[in-house]
Amino acid sequence: MTDVLIVGGGIGGLALAQGLRRHGISVAVYERDRRRDDRVDRYRLAINPAGSRSLRACLPDPHWQAFTDTAGRPGGGFGFLGTDLRTLVLVEDSVMYPDDPDPAERAYPVDRHTLRGVLLDGLDDVVHYDKAFERYELAADGRPTARFADGTAATCDVLVGADGINSRVRAQYLPTATARDAGAVGVGLKLPLNDDTRAWLPARLAEGMNLIVTGAPYFLFTSVFERQKPVGDDYLLCAFVARNDLFPSRPERLDGPQLKAYVAGLITHWHPALRHLIDRCPPGDVSAFPFQASDRPAPWAPSRVTVLGDAVHGMPPAGGNGANTALRDAALLTRQLSLADGGHLPLLDAIGGYEAEMREYGFHSVDLAMRTLRQGMMSNPVAVGLTRGWFSLCGVASPLRRMTFGASWATISAPRQWERAGASRPG
């Protein structure tokens, strides 16, 4: 039986653990957090059909049911708005993701913290906390031994780095695979959605997703998370994204009030409701994230060490494909390792097949995220004017809307050949 050790207990690493366990493969997750509840990050993720398909492939039936039960209320479309809150175009949900009878081919808004809880369920004997990875060593037969900061070590057949964009596994395994500054900073804010806030919040901002088009090197993205069965913790996620030079160096060191003050200074000419929105977000729910993007590495020879998610193809959150791509990695690597464990493929061939496919779709997602980020921060007056004019035409002509926006969502989440075969599910 193959023994798999996963470094990192984020979304991708936990999905992989669930998938491997579902296939009867021995797996252990080593997480640097000291305990399960150390991560209290609560923000909305948009799980597209690629992510849903991957979760269905990895999760046991009760966990899949828990995922769909705890997902947010769908709908609301995607609005492109001016800073005066005038709607330039509203892209319907049916344009983004046409309705599909298969729940695994739909899009879902989810709360990241809730999703992580679903992925952790049933893995109490698998996840080891307070284990900061330091390095690995390879035996003569290629088997890795992971060493941790507390002096402990663990040997396995396959070591998977799922430890984020600053991955220590990747730094050792692929030292030439680097991440670069993406040229932007994201400030995340959250506004509780309750009777008080709904009383003054503009109707369009209280549903779906929206992008405030500014014609400046910054923009605001908003998205609503509402539970299907209200429990009083609905919220509006806001992401203010700006070019690096509009914030001081090391913006992640600024506290909530300081970050809100910087944002407020850039939006003095915006609609009063937008300024009020930023002002009303609790300072404790405000933080900054300098964006990074992984450089595309040259292909490498497969070994018993591999990587997934942000550890190999980290990307800015523009476009919302980071978590979905990590989930796709988990489903594909589950498939490949299960084929090897069953004797259908040599282990290194299975890992090499995963890495070749992952590089293709993973770095396509990185490129798309960078293109989306640049478009959002576009400030050339001519280009901005043309974009606004086209959006306005799309707003009144449904065929133009479908032609302009349909492919952008469908292409990134369309099933790949191995997904169409359904081979990632156990028989």
Side-chain angles (χ1 to χ4, degrees), residues 44-53 71-103 105-109 201-216 218-226 236-239 241 270-271 273-274 316-321 324 364-365 367-415:
R44 181 191 191 274
L45 290 174
I47 299 298
N48 66 25
S52 300
R53 192 181 310 123
R73 187 178 303 167
F78 195 115
F80 291 85
L81 317 177
T83 57
D84 58 359
L85 285 182
R86 182 174 63 90
T87 299
L88 302 174
V89 58
L90 176 60
V91 184
E92 305 95 320
D93 294 284
S94 60
V95 171
M96 295 188 288
Y97 302 113
D99 190 36
D100 194 292
D102 184 354
E105 294 296 329
R106 299 175 191 166
Y108 297 89
L201 191 66
R204 179 57 228 165
L205 295 181
E207 58 182 325
M209 297 177 284
N210 298 284
L211 182 72
I212 308 300
V213 181
T214 67
Y218 48 85
F219 61 89
L220 179 69
F221 169 77
T222 70
S223 58
V224 168
F225 180 76
E226 294 180 289
L236 176 68
L237 172 70
C238 304
V241 179
W270 287 17
H271 191 284
L274 290 171
N321 288 314
N324 291 293
H364 173 69
S365 295
D367 293 342
L368 176 61
M370 288 300 297
R371 186 162 64 249
T372 303
L373 179 64
R374 288 191 293 267
Q375 290 171 344
M377 297 193 300
M378 180 173 55
S379 56
N380 179 285
V382 175
V384 171
L386 290 173
T387 298
R388 286 175 176 268
W390 185 254
F391 281 0
S392 295
L393 286 174
C394 290
V396 297
S398 177
L400 285 183
R401 243 182 352 266
R402 293 187 177 276
M403 178 188 73
T404 301
F405 298 102
S408 62
W409 275 282
T411 301
I412 196 69
S413 61

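One finds the OG1 atom of Thr372 at 9.0 Å from the CZ atom of Arg374 (value rounded to the nearest 0.5 Å). Here CG of Leu220 is found 6.5 Å from CG of Leu274. Values are rounded to the nearest 0.5 Å.
In summary, of the residues considered (Val89, Leu90, Leu88, Leu205), a side-chain contact (heavy atoms from CB on, under 4.5 Å) with Leu81 occurs for Leu205 alone.
Applying the salt bridge (charged side-chain N to carboxylate O under 4.0 Å, His left out) criterion to Asp367, with sequence neighbours excluded, gives Arg296. Every residue two or more places apart in sequence or in another chain was checked for a ring-ring contact (aromatic ring centres under 6.0 Å, His included) with Phe219, and none qualifies. In terms of the side-chain contact (heavy atoms from CB on, under 4.5 Å) criterion, residue partners of Pro103 (sequence neighbours excluded) are, by chain and number, Trp64, Arg106, Tyr108. Among residues two or more places apart in sequence or in another chain, the side-chain contact (heavy atoms from CB on, under 4.5 Å) test is passed with Ser223 by Arg44, Met209, Phe221, Leu237.
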Q. Are Val91 and Phe80 close enough, and set up right, to give a side chain to side chain contact (heavy atoms under 4.5 Å, CB included), and what steps lead you there?
A. CA-CA 8 Å; Val91 184; Phe80 291 85; 4.0 Å; yes
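Applying the side-chain hydrogen bond (donor to acceptor under 3.5 Å, both in side chains) test to pairs two or more places apart or on separate chains, those with a residue in residues 74-94 are Glu92-Arg401.
Nearest approach of Ala71 to Phe225, heavy atoms of both residues: C-CE1, 4.4 Å. Nearest approach of Gly76 to Arg204, heavy atoms of both residues: O-NH2, 2.7 Å. Here the shortest heavy-atom pairing between Ala46 and Asn324 reads O-ND2, 2.9 Å. When all heavy atoms are compared, the tightest approach of Glu207 to Asn210 is O-ND2, 3.4 Å. Annotation for Pro316 and Leu373: closest pair CG-CD2, 4.1 Å, computed over non-hydrogen atoms.
Looking at heavy atoms from C-beta onward, Tyr97 lies in side-chain contact with Asn48 at the 4.5 angstrom threshold. In this structure the side chain of Phe405 never reaches within 4.5 angstrom of the side chain of Phe78, judged on heavy atoms.
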Show every donor-acceptor pair shorter than 3.5 Å between a side-chain atom in residues 377-390 and any protein atom, with sequence neighbours excluded, or say none if there are none.
| residue | atom | partner | partner atom | Å |
| --- | --- | --- | --- | --- |
| Asn380 | OD1 | Val382 | N | 3.0 |
| Asn380 | OD1 | Ala383 | N | 3.0 |
| Thr387 | OG1 | Ala383 | O | 2.9 |
| Arg388 | NH2 | Val213 | O | 3.0 |
| Trp390 | NE1 | Thr404 | OG1 | 2.9 |

